[in-house]
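Written out below as structure tokens is the structure these notes cover.
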Amino acid sequence: MEIIIEEISHGHKLLGRHKFASSNITIGRGYDNDIIISDPHVCADHLQLHFNGEHWLVNDQGSINGSYLEDSKENVIQHQVRSGDIITIGKSQVRFVFPSHPVEVSIAISPFESLINLARHPVALALSMSLFALIAGWIINLNNANEVSLTQMLVPTIGLTLGFALWPAGIALVSHLTKHDARFWTQMGISFIFFNLMWLSDIFENIVHFNTSSNFSMVWTISIIPLLLAFCLFWLNCYVGFHMTLRRRNLVSLSLIVLLFGGSFLIQMSKQPEFNPRPQFDTTIMSPAFLFAPSSNVESFVSDSTKLFEKVSKQAEEDNKD
């Protein structure tokens with residue numbers, strides 16, 4: 001009878017999988033074993049499995065640290081193996097699975113998987129990163145009080161682009177270390193698309209501030225857009241890099257939102273003094289081209305004001321006559 005032996009971590013992450021058809025299998029640190037465990041707490045000849053024609057039996061070989069079922073403190077001696085049994089040897093764990101062991105239901109591929117793969121296309125990735133660099137350079141130029149040349153602006157622009165690239169690179173690294181598919185270029189493409197959307201949302205928010213009062217309710221509504229974009233980014237990072245359930249993916253994304261945005265908000269509030277001798281006003285100065293509704297010129301304003309004044313004066317005279 002065939003048996004599958006899996007090397008797993010204490011968090012039940014799969015480290016290695018082996019399938020055997022022989023009736024005797026040995027596990028230990030010695031190089032003559034069928035499965036070699038590099039854990040220094042495992043003996044050279046630690047564990048033996050034998051198929052007696054009806055059942056698989058596992059037996060500790062008199063090891064120093066013993067072999068224990070996951071929920072038991074008794075050393076395994078001629079233990080009848082059941083599919084899914086986990087045995088701890090040293091500081092390592094092995095799981096025994098029969099070929100008939102049931103597996104979880106397959107996860108359907110999302111319909112937007114093709115769109116995600118499009119983000120990693122070299123042309124799409126180059127356009128996203130180039131657009132990000134152009135917007136970053138433009139903002140750096142606007143925030144600089146002195147006139148700067150192209151070469152002076154190039155260094156901070158490249159530095160900012162590489163700095164933002166650390167996020168998808170870090171996600172891909174964590175994905176690789178946790179035995180998932182890193183999908184580095186997909187993470188990079190998705191992240192820079194959403195970075196650009198966040199730039200655009202920030203510009204749109206400034207335009208709304210310029211056209212409306214700071215107490216206008218739409219300002220608060222517009223402020224939610226960066227949170228939604230960040231949630232979508234984190235959600236897609238988890239979807240691409242890790243095998244998670246929908247519930248866990250939502251929970252991780254919300255936790256990152258609270259950690260990043262909530263933490264930065266608390267830090268900003270803690271730094272504000274009770275009395276600020278130099279208050280900052282919520283104003284945005286832009287050219288008239290960014291107005292939603294065109295403004296009237298001085299002549300039209302004076303003419304409209306004169307007509308309104310004449311109309312009110314005439315109405316007042318009529319009221320006095322009555």
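- The shortest distance between side-chain heavy atoms of Trp167 and Phe234 falls below 4.5 Å.
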Would you please test Phe96 and Ile4 for side chain to side chain contact (heavy atoms under 4.5 Å, CB included) and show each step? CA-CA 6 Å; Phe96 305 108; Ile4 296 96; over 6 Å; no
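- The shortest side-chain heavy-atom distance between Trp185 and Asn117 does not fall under the 4.5 Å cut-off.
- Under a hydrophobic-cluster definition in which Ile, Leu, Val, Met, Phe, Trp and Tyr are linked whenever side-chain heavy atoms come within less than 4.5 Å, directly or via other members, Tyr68 and Leu57 are assigned to different clusters.
- Hydrophobic clustering, with ILVMFWY side chains joined whenever heavy atoms are under 4.5 angstrom apart, groups Phe204 together with Ile135.
- Across Met188 and Pro168, no two heavy atoms sit closer than the pair SD-CG, 3.6 Å.
- Counting heavy atoms from C-beta on, the side chains of Leu47 and Asn59 never come closer than 4.5 Å.
- Between the side chains of His18 and Asp34, no donor-acceptor pair of N or O atoms lies under 3.5 Å.
- In this structure the side chain of Asp60 never reaches within 4.5 angstrom of the side chain of Ile87, judged on heavy atoms.
- Taking each heavy atom of Phe194 and Cys232 in turn, the nearest pair found is CE2-CB, 3.5 Å.
- Between Trp199 and Phe192, the ring center distance fails the sub-6.0 Å criterion.
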What's the verdict on side chain to side chain contact (heavy atoms under 4.5 Å, CB included) for Gln61 and Thr26, showing C-alpha distance, side-chain angles and the deciding distance? CA-CA 10 Å; Gln61 297 290 89; Thr26 58; over 6 Å; no
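- For the atom pair Leu233 CG and Ile257 CD1, the distance stands at 8.5 Å (nearest 0.5 Å).
- A side-chain donor from one of Gln93 and Thr88 sits under 3.5 Å from a side-chain acceptor of the other.
- Criterion: ILVMFWY side-chain heavy atoms under 4.5 Å apart, direct or through other members. Under it, Leu236 and Leu227 are part of a common hydrophobic cluster.
- Using cut-offs of 30° and 60° for the angle between ring planes, the Phe195 and Phe164 rings count as perpendicular.
- When all heavy atoms are compared, the tightest approach of Arg183 to Val240 is CD-O, 3.5 Å.
- Residues Thr157 and Ala133 approach most closely at CG2-O, 3.2 Å, considering heavy atoms.
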Hey, mind stepping through Phe20 and Leu49 against side chain to side chain contact (heavy atoms under 4.5 Å, CB included) and telling me if it holds? CA-CA 11 Å; Phe20 296 95; Leu49 283 90; over 6 Å; no
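- Nearest heavy atoms, Leu160 versus Ala136: CD2-CB, 3.6 Å.
- Scanning all heavy atoms of the two residues, the minimum distance from Val42 to Gly28 falls at CG1-CA, 4.0 Å.
- Separation of atoms CG (Leu134) and CD1 (Ile139) is listed at 11.5 Å; rounding is to 0.5 Å.
- The shortest side-chain heavy-atom distance between Trp138 and Ile203 falls under the 4.5 Å cut-off.
- Between Phe242 and His180, the two ring planes are perpendicular [angle over 60°; tilted spans 30° to 60°].
- Ile89 and Leu15 are not part of a single hydrophobic cluster, where members link through side-chain heavy atoms under 4.5 Å apart.
- Note that CG of Asp181 is 10.5 Å distant from OG1 of Thr178, once rounded to the nearest 0.5 Å.
- Side-chain contact between Asn250 and Phe231: present, with at least one pair of heavy atoms (C-beta onward) separated by less than 4.5 Å.
- Checking each of Glu6, Glu70, Arg95 against His12 for a side-chain hydrogen bond (donor to acceptor under 3.5 Å, both in side chains) leaves exactly one that passes, namely Glu70.
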Evaluate the side chain to side chain contact (heavy atoms under 4.5 Å, CB included) criterion for residues His46 and Ile37: first the C-alpha distance (whole Å), next the side-chain angles of each, then the deciding distance (0.1 Å), finally the verdict. CA-CA 10 Å; His46 199 110; Ile37 306 293; over 6 Å; no
